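Just so we're on the same page: letters track the sequence lines, and every chain starts at 1. Only a predicted model underlies this, so the values are computations on that prediction, with no experimental measurement involved.
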Amino acid sequence: MEIQNCHNSLPTPSSRRDFLRQTGMSMGTIAFGTMVADYMVNPAQAQITATLKPRQAPLPAKAKHVIHIFAGGAPSHLDTFDYKPGMKAYAEKSQGGGGGVLFPTPFEFKKCGKSGLEISEIFPKLQEQADEMCVIRSMHSDIPAHGPAAKLMHTGSAILTKPCLGSWVLYGLGTESQDLPGFVSLGGGAEGRQSAFLPSIFQGAKTSFRPGAPSNKVIANLQSEFTTEEAQRKQLDLVHQLNSRHMQTVQKDEQLEARIESFELAFRMQTAATDAFDISKESQKTRDMYGKSDLGAKLLCARRLVERGVRFVQVDAGGWDHHTNVFTSAARTGAAIDTPAAALIADLKQRGLLNETLIIWGGEFGRTPTTPGRVNANSGRDHHAKAFCCWMAGGGVKGGMHYGESDEIGSQVAADGVDIHDLHATVLRLLGFDHTKLTYRYNGRDFRLTDNFGKVVNKVIA
Amino acid sequence: MQEMAMKAAAPTAAKAEEKMDPAGLEFFEKNVRPILSERCYKCHSAAESTSKGGLVLDSRAAMLDGGDQGPAVVPHNLKKSLLILSVHQTDPELSMPPRNKGGPKLSDEQIQILEKWVMMGAPAPVGSGAGKLTGLSQKARDHWAFKPVVAPEVPSVRNQAWAQNEVDAFVLQKLEQNGLKPNPATDGDSLLRRLTYDLHGMPPTPAESDAFAREYDAAVARDAYAMRNGQPARAASLVVERVVDRLLASPRYGERWARHWLDTARYSDTRGNRRDIEGERFPSAWTYRDYVIEALNSDKPYDQFIIEQLAADRLPDLAKDDPRLAALGFITVGKRFDNNDDTIDERIDTTTKAFLGLTVSCARCHDHKFDPIPAADYYSLHGIFASTSEPMQEPVIRGTRIGNAAERADYDKKLRDLVESNTRGYYRYIAAQLGILHKDFAGRALFQMAGQRSEKGFDIQKQYKFEPVREVDGSINIATNSPITGPLARLRRLTEAEFATRAPEVLAAALTDKKSPVNPLVVEALANLKPKTLDDVALAYQAMFQKHHSRIVAHIGLRGTPGGAGDRDDKALAQLAAWPWPLPNYEEVASVPLVTVLISTRSFCEPWQSAPSFRNGNIPAKYFRFDDINKLELTHPGGPGTAMVVADSERPRNTNVYLRGDRNKPGAVAPRQFLEILAGPDRQPFFDGSGRRELAVAIASRTNPLTARVLVNRVWMHHFGAGIVSSPDDFGNMAEKPSHPELLDWLSAHFVDSGWSQKKLHRKILTSQAYRQSANPLLNPLVAQKGAVDPMKVDAGNKFLWRANLRRLDFECIRDAMIMLTGKMDLSVGGRPVNITEEPISYRRSIYGYIDRDRLSDLQSQFDFADPSMANSKRGTTIVPQQALFFMNNPLSVEVARAVAARPEFLSASSDEGRIAVLYRVMFQRVPKPEEVRLAKEFVKKVAGYIDEPLPAAKPKTPVAAKKVTKEEARAMMNKPLVPSTQAPGQAATKGATTIAGGVIVNLGEKISRKTPSSPWEMLAQAMICSNEFVYLD
């Protein structure tokens, strides 16, 4: 855009609208997150400018948004989505090597929907959505420790500080939302929202969303505690007037313009975010559908955000570290996500958003097929990374299918293994990216989410 | 870049200089190439620009040259041709295409073709060379940055009057060569603002602005007069020189420039690899930060600065408490990894980037792809850092106790008390654990031997009725050579069937073994035993422990008394009591540097063998209050600082090259020595200890082509907003060409010749006319004249410096300016870190902020704080709406506005114009223009209309009552007060006192009052804070 009449003093704009008109600016014409040329993008690759402007993915794709429900603590694949009926016969048989005894799932599984996808009884509501879901039963990794494994799941690296999936997606696609952050984190650790070496415009906005808490405090400094909105509007108009005068002395500069727009976005965000995070604005029926739990509120909020153009929503839905009492604990943790997740799928579908919204549910690894000691009501499962599961729905994923197999006791991958890099590659492909080409140059190297690894699981793509 | 690498000729091309038989070549193209192309080139082709394992298969030369593991093809020799061996897939380590993802094995037919071809002598196009990406080429060696620095002649330029010093001559030469003209100088107000921010990281005070403007304007007038008369115009330069000297002499200078260096040195107060908050912290990283500030303020010669940071422990005439020891924090404040090789890698990376601008870490798994750094050189440095250790106890250094006498006494007493209670806690803890162990010894030992997680283990647990206790059960070590459990260990080897018959003989042998003598009390307990099962033995042990339990507890009581040693006790009993946990005497436990060792690692009690592990939050709080010690060390103003030192290992060792970075695949030994490209062909291995000192000297050498250039470039970058080399931490072949190579070399030579003085370097750069230019492009003569050359088109990026760059202030500058404007800034230098991002606000400078590398505060990351996980000398300048929200709504912003509108000169101003002038002077360091005065007046009037109306009650934005963290609450948070009760409230905050709550540092003090809404004048002031002018330097 051009700033007109830079040589002479501008007629003083009398209102914000005037100001924007005079400076040729209007909502959305400026990418507020423009970067100055400091950040180099590999010239050999498709040029990605580091802005938040929405852009077309290079490859055809359906998914435009992602809701990543991170089931931290590592859910047991054997009690959720990977049914091993054959294990009953081997109950309490020793695995040898002090590894405990085999522990068949205490839950019943059901063949659900038209597809007959097997889902545990701890998810009665999700069972109804089976035909939308694609379960990957052959996830595997090498790291059975929560901290590094969670880092690996979010960033593709267990050790180094690297950008998370959401940041890469925002970097690749920008955002459609004009008045909300493009990447919102609803709880969870820093690894789930960090942009690391990617410019900070791509980091997830940290929120403290809780049902019932005032929605105008969800983002730090979201609203003033010292003045009214009207007075602040006047104040911002003055800021713009000061800025336009300042710009005459330094000439057109992308950064200065971007900063002006960032204040407008912030101002809009005060209202827009307060509104987006206020789930009490939903009908009672919708709220009932998601349930009364915290997770219900979070997923309902996630839907509101996606609906408003937010590109990536990270949801923390942990509590799966069931070393003991699988029978009661897994049922409880499962129940907490069952209603909300099923509601999210159904709700997105009825609003026509499911096709363009990819839902991912999964933890950082799985759990052992064995339990220490005996099989009884207190039995639990330990960490296990060699085989586990996750599911996706919407966003161009084939529904009502499972992909890959673990062996007969769910201990190792038996067919079509999918590691975390493969999962990331697939998610990026669903969003329209070749994961080997979405790169960012930093410290003399082109970095990718998938490092030197990753292969797309084409069979799950519709 | 790939083009560049492909042109680089491989040194071994000569091998392939044989004439190829055309029939052989045809065989290759027809039969072999398709196989390679289909199955191998995806990973091993220069044309595909991929060379996994350092191997490409495009040409004969490349195949003969091979990859990391050696030649891929040896003509006529199937057994030595790795290509053939790998396609057979008999060795899992050497299977191609890769078994898991490379698709199916080659068909037998295909393998036969390859074998036939090898036996034919492997005819193939010779190729111009290996073609793999490698920096070990002559071209890469010829890179400008590896050439010695030779000071070029200062060029003569046409516009002699403009050039004030040598810097200008070089800058002007480039401008003239490109048909450009420099911008006129900026005005005095903006020049002083620029200088003060650049050297102090803060704006000038109104008094400083006024004084400078008068003097400078007069000097500019004199210069104009001189120039008209063809005389040298030096008056303005002299004024600038004086102000530069004033700024350099202030401690604010070191605080500002230390922050730049700390970005490079990836400074953090935390380790970055631990989840438990207490073990995560470096309690004394701040002494390194303070060392850097001091070094800059005292203008320590840069070569000395380097040597101290890498090898202060090896300085001559070093006192035990020498403050220079803190310099070693450069090595130790980095991110820690569970794998020591990763920690070493981090240190190699930081050292080479920071001092040499080289990415040596790229050579960890293979030779550097672009720079002449073989993997062997990486492992030469690896050996140096692997031969460097961190002592358990950090030395206390002098001059680090900042608190007053009362605070020091308070600290000493608290520390003494805590050390005592923790030491006693250790004995109480051991006694309590032994109580559990002795009572159920039989069951627990059998449980341990059967495998705690086995079916049998479960049955034993049922039978003996005990609850597993991880710390206890995990410590039961049943070993043949143990004087306590030796007999049990031998008996457990018997099968159930043979037990009854063979046990007496085995037991007798064990009890009389001279090599591993058994404790007499154990002998006594087992001597007459006729065990039928292992259970009988375990029960006999249990009976023995119970018999002696009360005596053991009494013995522990003796050990745990100062001076009470307990050495006089029965030796056999003492040995029994010290199993399985060691029982050092009181003084030994109390001398362990509790904070750094006890809590942070498994090595608790390392000097005495095994130890209970307190990981995973298992610290038994009933006995230990380690976190209190940690808290005390981190937050108490009266404590001393320690230095995070390193030392050379007693037995330094060389590292073998890890093939492909894998420590399990050792290659040739890499002697500890400097990089070949910098040390030259006569390089000698290091012999002095680890070699760290020699490394430091080699880096800090005046003949090192990189050291001075890299530093000079960073200083230039921070003053001009762009480096002469755009990548400050990478001067290698991947770096962009320098914009002013001659200038860089001249400055580097000048820098070294003037005793590596950074202050002199600043003076040279800042007194140039180039620095003084206006940022406004419209002022450029060529723009104004609308000449043929439009600088905005020819050099839009301002590479040649025809104007000043517009620069956004970084996080520290913005925050410090705001803190300064509150009028409460605490200008004390050094000390423990404070919280600089949350309320209660700390009024210390931002350099004193606590930095958590894994949980960087959102505010810092939103404002592009340098990622402290690796060297990062250049900050980003992104713009996110959260920054705007900070200026609009954060209480600090409001506090600034309130403070500015409460200044005496503001209150005493008699008119609106006067008040507006004060705001402009204080916040923008200039006089407002008439239009700005009008805007401000209108705004105040307009907003007053809103403010005077009563606030609508239903609005969510109604100012709420202040939430205060009162001193009392703060005390409650921390159990015990840190500040003596005589101290007045509020004083604690300005002193930088802190506590820890919920795992974060919390400043003592009050939150900003929310009771009164902002007045129109305050809102005006805040609008100025929000404006671009506040955060940009022009």
Side-chain angles (χ1 to χ4, degrees), chain A residues 7 9 12 32-33 35-38 94 98-101 147 159 161 181 190 196-197 199-201 203 205-206 214 216 220-232 234-235 238-239 241-243 245-246 249-251 253 255-256 258-259 262-263 265-266 269 372-374 443-444 455, chain B residues 101 275 337 342 359 451-455 458 729-730 734 775-778 797 806 808 854-855 858 861-862 864 867 869 876-886 888-890 894 931-932 935 939 942-943 946-947 951 955-957 959-960 1010 1013-1014 1019 1022-1024 1026-1029 1034:
Chain A
H7 301 261
S9 69
T12 305
F32 73 84
M35 302 290 312
V36 172
D38 287 354
S94 179
V101 298
I159 298 168
T161 304
F197 51 72
S200 57
I201 48 172
Q203 74 189 333
K206 184 186 179 184
N216 62 339
N221 303 317
L222 183 56
Q223 289 191 348
S224 173
E225 296 174 75
F226 304 91
T227 191
T228 62
E229 192 175 335
E230 290 86 344
Q232 203 167 36
K234 297 280 165 224
Q235 188 185 35
L238 175 68
V239 173
Q241 289 166 329
L242 297 178
N243 284 345
R245 295 196 55 82
H246 175 250
T249 66
V250 288
Q251 184 64 342
D253 182 281
Q255 270 227 358
L256 295 179
R259 192 167 182 275
S262 81
F263 274 80
L265 173 68
M269 203 195 278
R374 283 274 159 83
N443 249 314
K455 60 175 194 300
Chain B
K101 41 192 163 184
R275 291 250 148 175
F337 297 83
D342 292 335
T359 53
Q452 295 185 16
R453 326 203 58 157
S454 66
E455 266 174 280
F458 185 77
D729 301 331
D730 184 5
M734 288 302 280
N776 187 348
L778 301 179
L806 183 71
R808 194 187 80 187
D854 259 12
R855 282 168 290 268
D858 288 288
S861 44
Q862 282 155 11
D864 299 294
D867 172 10
S869 62
T877 51
T878 50
I879 290 165
V880 295
Q882 285 92 334
Q883 293 169 359
L885 289 174
F886 170 78
M888 287 160 66
N889 300 334
N890 187 280
V894 175
E931 181 63 14
E932 289 165 334
L935 283 174
F939 171 77
K942 225 183 306 183
V943 174
Y946 282 95
I947 300 268
L951 289 162
K955 291 274 173 196
K957 285 188 157 195
V960 294
R1010 265 79 164 166
S1014 297
M1019 293 206 56
Q1022 202 193 0
M1024 293 173 70
C1026 291
S1027 75
N1028 283 343
E1029 185 166 352
D1034 58 14

* Pair A:Ser262-B:Gln883, side-chain donor/acceptor within less than 3.5 Å -> no
* Any luck finding a side-chain donor-acceptor pair between A:Thr227 and B:Ser1014 under 3.5 Å? -> no
* For residues A:Arg245 and B:Leu935, determine if any side-chain heavy atom of one lies less than 4.5 Å from a side-chain heavy atom of the other. => yes
* Asked: Looking at side-chain heavy atoms only, is the closest gap between A:Asn243 and B:Ser1027 below 4.5 Å?
  -> yes
Could you tell me the separation between the [atom1] atom of [X] and the [atom2] atom of [Y], rounded to the nearest 0.5 Å?
| X | Y | atom1 | atom2 | result |
| --- | --- | --- | --- | --- |
| B:Arg808 | A:Arg259 | CZ | CZ | 8.0 Å |
| A:Leu222 | B:Met888 | CG | CE | 9.0 Å |
| A:His246 | B:Glu932 | NE2 | CD | 10.0 Å |
| A:Leu238 | B:Lys942 | CG | NZ | 8.0 Å |
| B:Arg1010 | A:Glu225 | CZ | CD | 4.0 Å |

Contacting region of [X] [heavy-atom separation from chain A under 4.5 Å]:
| X | answer |
| --- | --- |
| B:Ser869 | side chain |
| B:Gln882 | side chain |
| B:Phe337 | side chain |

* **Contacting region of A:Ala220 [heavy-atom separation from chain B under 4.5 Å]** => backbone
* Asked: Considering only heavy atoms, which portion of A:Gln203 lies under 4.5 Å from any heavy atom of chain B: side chain, backbone, both, or neither?
  -> side chain
* **For B:Asp867, salt bridge (Lys or Arg N to Asp or Glu O under 4.0 Å) partners two or more places apart** => none
* **With sequence neighbours excluded, residues passing salt bridge (Lys or Arg N to Asp or Glu O under 4.0 Å) with B:Asp858** => A:Arg193, A:Lys206
* **Backbone N/O of A:Asn221 and side chain of B:Asn890: donor-acceptor pair under 3.5 Å** => no
* Could you tell me whether a side-chain N or O of A:Gln255 sits under 3.5 Å from a main-chain N or O of B:Thr877, the two making a donor and an acceptor? => yes
* To do: Would you check, one step at a time, whether the test side chain to side chain contact (heavy atoms under 4.5 Å, CB included) holds for B:Asn889 with A:Gln232?
  => CA-CA 10 Å; B:Asn889 300 334; A:Gln232 203 167 36; 2.7 Å; yes
* Structure fact -> If you tally heavy-atom pairs under 4.5 Å between each of A:Thr161, A:Leu242, A:Val239 and chain B, the highest tally belongs to A:Val239
Quick one: closest heavy-atom pair of [X] and [Y], and the distance?
| X | Y | value |
| --- | --- | --- |
| B:Gln862 | A:Ser200 | O-OG, 3.9 Å |
| B:Val943 | A:Ala231 | CG1-CB, 4.2 Å |
| A:Leu256 | B:Asn1028 | O-ND2, 3.4 Å |

